[in-house]
Amino acid sequence: MRTCASRRRFLQTSAGFGVGVLFVRHLRGADAPSNKLNLAIAGVGGRGAANMQGVASENIVALCDVNRRHLKAAAEKFPQAKTYEDWREMLQQKDLDAVVISTTDHTHALIGVNAMKRGLHVYCEKPLAHSVYEARQMGEWSKKAKVATQHGTQVHAGENFRRVVELIQSGAIGPVREAHVWCSRVGPAHDRPTEEKPVPDYLNWDLWLGPAPYRPFHPIYMGGCTVWEQWWDFGNGTLGDMGSHLIDLPFWALKLRHPLTVEAEGDVRKPETYPHWLKVRWEHPARGDMPPVKVFWYDGIQRPPNPPGHDLQKWGIGVLFIGDDGMLLADYSRRILLPEEKFKNFQPPKPWIPPSPGHYQEWLLGCKTGSPTLCNFDYAGALIEHNLLGTVAFRVDKKLQWDPAQLKATNCPEADKYIRREYRAGWSL
């Protein structure tokens with residue numbers, strides 16, 4: 001086992017990976033990956049239950065949920081944990097090392113930033129934030145706090161994404177000029193209900209709303225992430241959710257960061273909810289020896305043009321890279337070089353991206369040893385910032401000229417209210 005002094009020297013030299021000396025303080029005197037962290041869980045139902053199971057090897061010492069039924073069920077599994085309805089109270093618990101966030105999208109960044117201000121390591125379910133500004137803040141605070149962070153894009157740890165990244169970056173299809181990404185999920189395009197329903201006795205509705213504008217309770221907002229995320233006050237629809245997973249692949253493979261322009265169109269504009277379908281185009285500058293590239297998003301019934309021999313309507317999700325020397329079609333588990341006849345005898349490059357120890361394990365090791373996490377908030381913050389600009393462009397119905405340094409659409413001041421949303425009184429980052 002390494003000494004604390006040698007471990008401290010290692011951490012001080014690892015700042016480039018977003019880690020630092022704060023890790024030493026958080027291990028409560030522990031000095032080995034086998035020692036257990038004291039974890040707080042914000043949001044324990046749905047995705048929260050799955051994420052909690054993913055880190056159940058550690059000490060679960062705090063549970064928080066605005067749904068008392070979910071909280072009761074989690075407390076039965078972890079009876080030693082303290083329980084809370086308000087995450088702000090939970091973060092005051094003195095023995096915490098790290099927080100797992102699986103609440104509604106519109107509270108992710110508030111919990112994450114406040115946890116990092118306390119020096120706690122943070123795992124956050126996707127999408128990392130509810131606005132472009134929040135995504136930037138999550139990335140910046142992860143670097144200031146020097147804590148281990150991980151975004152809930154679990155497929156990033158899979159083998160297929162690694163092999164696709166290697167194929168693209170080795171030039172298998174030549175310089176890539178376009179990347180097309182799609183998901184078949186159809187948005188609701190609802191109007192706000194006019195009637196008010198009684199709040200269930202197990203739900204703290206005011207805390208569920210949190211920083212969102214107040215509205216009377218209605219069960220139409222409930223029913224899991226695929227329901228509430230479609231309302232602009234609480235999420236960013238299919239692009240906000242599934243774009244986190246799917247655009248992650250071209251973002252990683254093409255070494256993307258900030259776009260130059262963003263434009264979007266959808267089938268119908270509703271003030272409250274995501275449209276039935278959305279199409280977005282981002283234009284990115286050259287990166288090193290990679291040429292400028294356009295990234296396209298399609299959801300609902302929309303798809304890019306079919307490559308020869310493949311009907312993309314049969315692919316519920318997917319990514320199509322178009323290069324000068326060919327194409328690459330992929331999803332979570334498949335990858336096909338096109339045209340297939342041309343690549344029949346193709347020898348892929350020797351793998352160079354090492355296997356992940358596991359999506360959750362990668363984060364837990366980062367908390368304990370300072371080892372890097374691939375879905376850290378610096379990377380994920382830029383990804384989510386990029387994606388949410390697509391919903392901003394749709395809502396203002398204008399092609400945005402993007403200035404990432406100023407966090408401004410230079411040609412569209414009316415976008416400001418969507419780039420940084422106003423919080424309800426009493427709530428802040």
Side-chain angles (χ1 to χ4, degrees), residues 14-20 23 98 100-101 105 108-109 112-113 115-116 121-158 160-162 164-166 168-169 179 181 236 239-259 282 284-285 287-288 290 293 295 297 319 332 352-367 370-390 402 404-405 407:
S14 300
F17 292 112
V19 296
F23 286 102
V100 175
I101 303 169
D105 298 359
H108 284 178
V113 168
M116 289 186 285
H121 308 297
V122 180
Y123 178 99
C124 186
E125 182 56 46
K126 51 80 184 146
L128 191 63
H130 189 224
S131 72
V132 172
Y133 172 79
E134 288 181 347
R136 179 67 63 89
Q137 288 295 301
M138 288 284 265
E140 290 186 350
W141 269 103
S142 70
K143 292 182 286 187
K144 290 177 187 176
K146 297 183 173 66
V147 292
T149 57
Q150 185 83 314
H151 187 224
T153 43
Q154 295 85 355
V155 72
H156 196 103
N160 195 55
F161 270 28
R162 281 163 162 71
V164 170
V165 170
E166 291 163 351
I168 295 299
Q169 294 185 359
V181 188
N236 281 277
L239 175 56
D241 181 13
M242 294 303 295
S244 305
H245 288 305
L246 294 165
I247 299 175
D248 177 38
L249 182 53
F251 210 79
W252 185 9
L254 297 172
K255 302 180 181 179
L256 301 178
R257 193 77 181 181
H258 303 296
W282 298 263
H284 284 267
R287 291 93 49 228
M290 290 184 167
V293 64
V295 177
W297 168 265
V319 181
Y332 293 160
W352 73 73
I353 303 174
S356 171
H359 179 70
Y360 298 103
Q361 189 64 18
E362 189 177 298
W363 177 63
L364 296 174
L365 287 172
C367 295
S371 57
T373 56
L374 288 185
C375 292
N376 60 76
F377 289 178
D378 179 57
Y379 171 86
L383 168 65
I384 300 307
E385 182 180 316
H386 167 276
N387 293 355
L388 298 190
L389 282 171
W402 185 239
L407 218 65

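Bear in mind that the values here come from a model prediction, so they are computed numbers and not experimental data. All values below were derived from every heavy atom in this structure, side-chain atoms included, with hydrogens, water molecules and symmetry-related copies excluded.
- Remark: the backbone N or O of Gly243 is paired with a side-chain donor or acceptor of Asn387 at under 3.5 angstrom.
- For the atom pair Trp402 CH2 and Leu389 CG, the distance stands at 5.0 Å (nearest 0.5 Å).
- A donor-acceptor pair under 3.5 Å links the side-chain atoms of Glu362 to the main chain of Leu374, judged by distance alone.
- Taking the centre of each ring, His359 and Tyr123 come in below the 6.0 Å mark.
- Here the straight-line distance linking atom CZ of Arg162 with atom CH2 of Trp252 works out to 4.5 Å at 0.5 Å rounding.
- Between the side chain of Gln361 and the backbone N or O of Pro357 there is no donor-acceptor pair closer than 3.5 Å.
- Here Asp378 contributes atom CG and Met138 contributes atom CE; the two are 12.5 Å apart, rounded to the nearest 0.5 Å.
- Leu249 pairs in a side chain to side chain contact (heavy atoms under 4.5 Å, CB included) with only one of the listed residues (Asn160, Val165, Ile168), which is Val165.
- Put simply, the side chain of His108 gets close to the backbone of Pro127: a donor and an acceptor are under 3.5 Å apart.
- Arg257 places no side-chain N or O within 3.5 Å of a backbone atom of Leu383 that could act as its donor or acceptor partner.
- The CZ atom of Phe161 sits 11.5 Å away from atom CD1 of Ile353, with the distance rounded to the nearest 0.5 Å.
- For His386 and His284, the gap between ring centers is short of 6.0 Å.
- The distance from the OG atom of Ser142 to the CD atom of Gln137 is 11.0 Å, given to the nearest 0.5 Å.
- For the pairing with Tyr379, the side chain to side chain donor-acceptor pair (under 3.5 Å) check across Thr149, Asp248, Thr373 returns one residue only, Asp248.
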Practice item. Run the numbers on Leu246 and Tyr332 for side-chain contact (heavy atoms from CB on, under 4.5 Å), then give the verdict. Key: CA-CA 8 Å; Leu246 294 165; Tyr332 293 160; 3.7 Å; yes
